[in-house]
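First comes the structure, then the notes that go with it.
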Amino acid sequence: MDDDSAEILFIGNATLLIRYGELTLLTDPNFLHQGQHAHLGYGLLSRRLTEPAVDLEDLPPDLDAVVLSHLHGDHWDRTARRGLDRGLPILTTPHASRVLQGAQGFRRAMGLRTWESHTLVRGQSRVRVTAVPGRHAFGPLEKLLPPVMGSVLECGPATGPARLRIYLSGDTLLFEGLREIKARCPDLNLAVLHLGGTTLPGGKVVTMDGGQGAELVRLLRPRLTLPVHYDDYTVFKSPLDDFVSALEARGLEDRLVDCPRGARVTVGAAAEVSKVGPVRAPAL
């Protein structure tokens, strides 16, 4: 793999294993199995409908960091909490980092405020992780849900400029603050969008549905987009087909990366993509 590409394994829900050069990152670790329940807070549970493509023990031993969008049970589950190394760096929100460092003992959890960055280097590879705006809900409900962040990963050689930029939306809704991402990061190679139209009791929607996701693609204009977080749990009400149809209606279907759970894709800076899978095998 060269400095212009990253290999991504879609494990399921919002969990990705991203390999760029000598660096390996894990996003939003969720390894619950089909039929198990994720805890969403305030007594709310959601049953998992799918199997993760790999189990936590299948992950490579050389993980460099976790990028965690927020502290919800379908993004940071009890399997991750019990099984991940307590010394692993976790780049997340200030709220999540306090919980992880305190009650859970992850001593290298780091809270990034919006537009703060942390740089990871291994050998000749570098990834700068920058927290970007995200909102899980509006109005009074926002105070009841954990704060969420999106992330931009700027990948490049250790001593050179970034060659590849990947946006991870986190569990955000579409809102005006996302325009700042376009202003500050105008050249995104890949946007990974958390979709599903997550719907809580009472009908409150707290993640983008297919239409909102397509609008965000129209706004940010990434060269490619990879949908995740759309069919794994009972609270997801907007299937992947909604997003595909909304992209087609906007003439953006050529940006869609076809990557089902268990598949690996290699994404290049020039908008080329190659795919292997789906498979169930030790990761990368």
Side-chain angles (χ1 to χ4, degrees), residues 4-11 13-20 23 25-28 65-70 75 91-93 112-120 126-136 147-156 161-196 207-210 212-230 243 246-247 250 252 254-259 265-273:
D4 291 331
S5 64
E7 187 175 70
I8 299 173
L9 170 65
F10 180 25
I11 294 174
N13 202 40
T15 309
L16 304 173
L17 194 67
I18 302 174
R19 175 88 76 178
Y20 176 78
L23 285 162
L25 308 181
L26 180 69
T27 72
D28 287 358
V66 172
V67 180
L68 175 62
S69 64
H70 66 305
H75 295 259
L91 308 179
T92 187
T93 65
L112 298 177
R113 298 187 182 279
T114 303
W115 297 115
E116 286 188 335
S117 300
H118 179 75
T119 300
L120 302 162
R126 184 185 73 239
V127 175
R128 184 171 75 164
V129 180
T130 300
V132 300
R135 291 183 69 177
H136 213 337
V148 65
M149 74 177 194
S151 306
V152 171
L153 314 182
E154 295 177 280
C155 310
R163 302 280 186 83
L164 187 72
R165 292 174 177 84
I166 300 171
Y167 166 59
L168 310 172
S169 74
D171 276 15
T172 190
L173 293 168
L174 192 65
F175 74 107
E176 192 66 22
L178 298 178
R179 293 184 181 278
E180 192 174 0
I181 300 172
K182 176 63 175 176
R184 294 192 184 215
C185 309
D187 187 21
L188 295 171
N189 302 96
L190 176 69
V192 178
L193 302 187
H194 294 202
L195 303 173
T207 64
M208 292 184 291
D209 60 17
Q212 286 194 38
E215 274 300 297
L216 187 54
V217 174
R218 186 190 62 78
L219 171 66
L220 298 182
R221 295 284 171 174
R223 296 182 185 180
L224 296 167
T225 184
L226 170 61
V228 299
H229 193 275
Y230 50 77
F243 180 59
L247 286 179
R250 292 162 175 80
L252 298 170
D254 60 330
R255 299 171 193 251
L256 180 65
V257 176
D258 176 21
C259 184
V265 294
T266 299
V267 177
E272 72 274 11
V273 59

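Note that these values count all heavy atoms, side chains included, but never hydrogens, waters or copies made by symmetry.
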Could you tell me the separation between the [atom1] atom of [X] and the [atom2] atom of [Y], rounded to the nearest 0.5 Å?
X: L219; Y: R179; atom1: CG; atom2: CZ; answer: 5.5 Å
X: T207; Y: L173; atom1: OG1; atom2: CG; answer: 7.0 Å
X: H118; Y: T92; atom1: NE2; atom2: OG1; answer: 13.0 Å
X: C185; Y: E180; atom1: SG; atom2: CD; answer: 9.0 Å

Problem set entry | Salt bridge present between E7 and R19 (N-O < 4.0 angstrom) | no

Between [X] and [Y], what is the shortest heavy-atom contact and its length?
X: S151; Y: V67; result: OG-CG1, 3.4 Å
X: L226; Y: V257; result: CD1-O, 4.1 Å
X: T93; Y: P147; result: CG2-O, 3.7 Å
X: F243; Y: A214; result: CE1-N, 3.5 Å
X: T266; Y: S5; result: CG2-CB, 3.9 Å

Student check: side-chain heavy atoms of [X] and [Y] closer than 4.5 Å:
X: V127; Y: V129; result: yes
X: L195; Y: H229; result: no
X: P227; Y: L256; result: yes
X: Y20; Y: L25; result: no
X: M149; Y: L168; result: no

Exercise. D254: what forms a salt bridge (Lys or Arg N to Asp or Glu O under 4.0 Å) with it, not counting sequence neighbours?
Worked result: none

For [X], which residues count as a side-chain hydrogen bond (donor to acceptor under 3.5 Å, both in side chains) partner, sequence neighbours excluded?
X: H194; value: D171
X: T130; value: S117
X: R135; value: E142

Problem set entry | Candidate list D28, T27, T15, test side-chain hydrogen bond (donor to acceptor under 3.5 Å, both in side chains), partner H75, passing option |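 Checked D28, T27, T15 against H75; only one passes side-chain hydrogen bond (donor to acceptor under 3.5 Å, both in side chains): D28.
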
Exercise. In chain order, what residues pass the side chain to side chain contact (heavy atoms under 4.5 Å, CB included) check against R221, with sequence neighbours excluded?
Worked result: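 Side chain to side chain contact (heavy atoms under 4.5 Å, CB included) check on R221 returns K182, R218, L252, R255.
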
Exercise. Excluding sequence neighbours, so at least two apart, what forms side chain to side chain contact (heavy atoms under 4.5 Å, CB included) with A191?
Worked result: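 Scan of A191 (side chain to side chain contact (heavy atoms under 4.5 Å, CB included), adjacent residues dropped) gives Y167, L193, P222, T225.
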
Exercise. So among V66, L68, L120, L153, which one has a side chain to side chain contact (heavy atoms under 4.5 Å, CB included) with L91?
Worked result: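 That would be L120; it is the only one of V66, L68, L120, L153 passing the side chain to side chain contact (heavy atoms under 4.5 Å, CB included) with L91.
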
For this session: Quickly, which of I18, L164, I8 forms a side chain to side chain contact (heavy atoms under 4.5 Å, CB included) with L190? Name it, please.
Result: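 Going through I18, L164, I8 one by one, the side chain to side chain contact (heavy atoms under 4.5 Å, CB included) with L190 is satisfied by I8 alone.
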
For this session: Could you go through the side chain to side chain contact (heavy atoms under 4.5 Å, CB included) check for F10 and V265 one step at a time?
Result: CA-CA 8 Å; F10 180 25; V265 294; over 6 Å; no

Problem set entry | Polar side-chain atom of N189 near backbone of R165 as donor-acceptor pair, under 3.5 Å | yes

